[in-house]
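Below is one structure, written out as structure tokens, with a few remarks after it.
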Amino acid sequence: MNNNARVRYAPSPTGMQHIGGVRTALFNYFFARSRGGAFVLRVEDTDQSRSHPEALQDIYDTFEWLGIAADESPRTGGPYGPYVQSERIDLYRRYAEELIAAGRAYYDYTSVPRDEAPRGANSRDDVAEEPSESNEKGTAGAYNFEGRHLSPEEIEKRKAAGVVPVVRLLIPQDGKTEFNDLVLGTIKRKNKDLPPDPILLKSDGFPTYHLANVVDDHLMEITHVLRAQEWVPSTPLHLLIYEAFGWDPPEFAHLPMVMGKDGSKLSKRHGSTSVVEFRRQGYLPEAIMNYITLLGWSYDDSREFFTREELEELFSLEKINKAPAVFDYRKLDWFNGQYLRELPEDRLVGELMPYMEAEGWTSVPAERADRERLRALLPLIRERLKVLGDVVPLVRFLFEDVTEWSAEELIPKKATARDAGRWLELAWAVVEKIGLEDQDAVDQALRAAAEEIDTKVGNLLMPLRVAITGSSVSPPLVGSIRELGLERARKRVAGAQAVLERAATSD
Ligand code: GLU
């Protein structure tokens, strides 16, 4: 095993962490762990206008939530710091000058400074990781090498007029650039098809992504670059920069795309994709981690469940797929449900409590009695939870009174208000008769009653379910009535009965 593997996750702090970004972070993290190497977090904030502190905080929060720690980062420091690009600006300028001195880059006095160029050319949605600008002219059309050919007099004239140059990489117009991607295989590009002399240093002195990324990967001794496939077009360019410096490039592994179920690239359109949103809804970090790692990686054809510790051991580049991965919300829900079912009771109660608190159903802060109450409800709700937030609609009927019932919900499909009224009466009579001590006995008696009147048990129970819980989706009915108590349940049945009677007279 190569113990010297060094990989990095290099996000630009421009938006909340989303599925694609986290997938890249996890693959890097697991790769480093499986190799006994180092996982570096480097913040690429050279586009200052789009970077913001909340986004940086969100990176830290996401890592913490997932339980992954970088070996070197802006927070932990390390021997290759600083790990924030805006703190390394002088360095990029020095390296740009080195390339100019070597004849591999040049000052271009023809390009319009960025802040004078129209904005909008680089707008991106917050899911796609798109390559940043290669042309400082914004929307004003492709660069046509004008800056290469400016006469010394013309340069002097522009200098005198206060034009601040950009620095451009000199791309040879012949030959080709080729690399062996560890996932995709050989990738070749004719140099003349690459972006024309991309900018390395902008006129405001800030580097572009390309320069900063290559310089840092080199200085931080990164051995493997694992990043999203969107960056493939930039890689030949990066290789030319390595070559211009005389540096050995790292290995590259571009990760498969993540698509929505409709086959288009995963984006906001497909629903929430930011990790903070998944977290809010009540997905568990271990479920998210497990599911995201399977987006483009598989251990074998069948195994689906992995703990973090297992992934730290089992992950390998060889098992990364070329084919796009499909992000399926239903599958994620299923995963999360499985994890919720396995969770130790104490932890589940702890995880659910904030949702109860937010509804005002507990003391603030929640007390032992609140937790015990919730714990007693677990048998009723556990199997029905896909996300932690599902607890709220499931137990609302116990914490808030139900005073209104919609006739539409009370009346099963294809039945009349009169039918529903009769069924409600019958079902309730069974409950009153048998009592709630023996739940199985009540269930059995209800089933027998349905058979007797030759209707489906679902029909018989629906009006009662809606009467008790105010909703047609609820935890198991008998257990729900038991939790609510006969007294309160009786009142609700009477209230619902009145609604059905009114509906029956207007039929
Ligand atoms: N800062 C880039 C991003 O936002 C890094 C891409 C790379 O890994 O080279 O994704």
Side-chain angles (χ1 to χ4, degrees), residues 5-29 31-32 39-52 55-56 58-59 62-63 70 72-74 82-89 92 122-134 179 181-184 187 195 198 200 202 206-242 247 249-258 265-267 273-275 296 317 320:
R6 289 180 54 80
V7 292
R8 72 342 183 243
Y9 176 49
S12 301
T14 55
M16 296 294 116
Q17 287 295 293
H18 50 74
I19 297 301
V22 169
R23 201 268 309 258
T24 301
L26 288 173
F27 279 27
N28 276 284
Y29 171 81
F31 178 65
F39 172 55
V40 177
L41 171 64
R42 181 176 74 225
V43 175
E44 300 207 328
D45 62 344
T46 55
D47 189 347
Q48 289 276 291
S49 62
R50 297 181 61 239
S51 299
H52 55 91
L56 182 56
D58 185 60
I59 296 169
T62 302
F63 272 36
E72 298 164 34
S73 76
Y83 293 92
V84 177
Q85 288 190 328
S86 59
E87 294 169 21
R88 301 167 65 85
I89 296 302
Y92 307 122
N122 298 310
S123 68
R124 41 180 163 175
D125 72 38
D126 73 356
V127 170
E129 300 175 32
E130 281 174 36
S132 35
E133 82 289 341
S134 60
F179 68 102
D181 188 280
L182 295 177
V183 174
L184 302 171
I187 295 184
L200 299 176
K202 297 182 273 185
F206 271 70
T208 55
Y209 155 72
H210 303 301
L211 178 66
N213 189 269
V214 167
V215 166
D216 284 350
D217 281 348
H218 173 71
L219 294 180
M220 295 181 180
E221 298 189 38
I222 297 302
T223 57
H224 298 75
V225 169
L226 275 56
R227 63 182 171 197
Q229 230 174 77
E230 285 88 351
W231 297 101
V232 167
S234 296
T235 307
L237 213 77
H238 294 180
L239 288 165
L240 287 174
I241 302 177
Y242 281 103
W247 296 338
E251 302 266 21
F252 290 92
H254 288 94
L255 311 177
M257 306 271 269
V258 183
K265 201 169 142 188
L266 193 66
S267 76
T273 53
S274 74
V275 175
L317 289 186
I320 295 179

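Remember, it's 1-based here, ligands and their atoms both numbered in the order they're listed.
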Q.
I'd like to check His18 versus Val258 (side-chain heavy atoms, cut-off strictly below 4.5 Å). Are they in contact?
A. no
**Q.** ligand 1 contact on Trp231 by region, counting heavy-atom pairs under 4.0 Å
**A.** side chain
Q: Check each atom of ligand 1 against the heavy atoms of Tyr209 and keep those under 4.0 Å away; list them by number with element.
A: 2 (C), 5 (C), 6 (C), 7 (C), 9 (O)
Q: Check ligand 1 against Glu44 and write out every atom of the ligand that is under 4.0 Å from a heavy-atom position of the residue.
A: 1 (N), 2 (C), 5 (C)
Q: Output yes when the distance from some N or O of ligand 1 to some N or O of Ala10 is under 3.5 Å, and no in every other case.
A: yes
Q: For the residue pair Asp216 and Asn213, establish whether any side-chain heavy-atom pair is separated by less than 4.5 Å.
A: no
Q) Among all residues two or more places apart in sequence or in another chain, which pass the salt bridge (charged side-chain N to carboxylate O under 4.0 Å, His left out) test with Arg23? A) none
Q: Show your reasoning for whether salt bridge (charged side-chain N to carboxylate O under 4.0 Å, His left out) applies to Glu44 and Arg8.
A: CA-CA 11 Å; Glu44 300 207 328; Arg8 72 342 183 243; 5.4 Å; no
Q. Is Asp45 paired with Arg50 through a side-chain N to carboxylate O contact shorter than 4.0 Å?
A. no
Q | Subset of ligand 1 atoms that lie under 4.0 Å from at least one heavy atom of Asn213 | A | 7 (C), 9 (O)
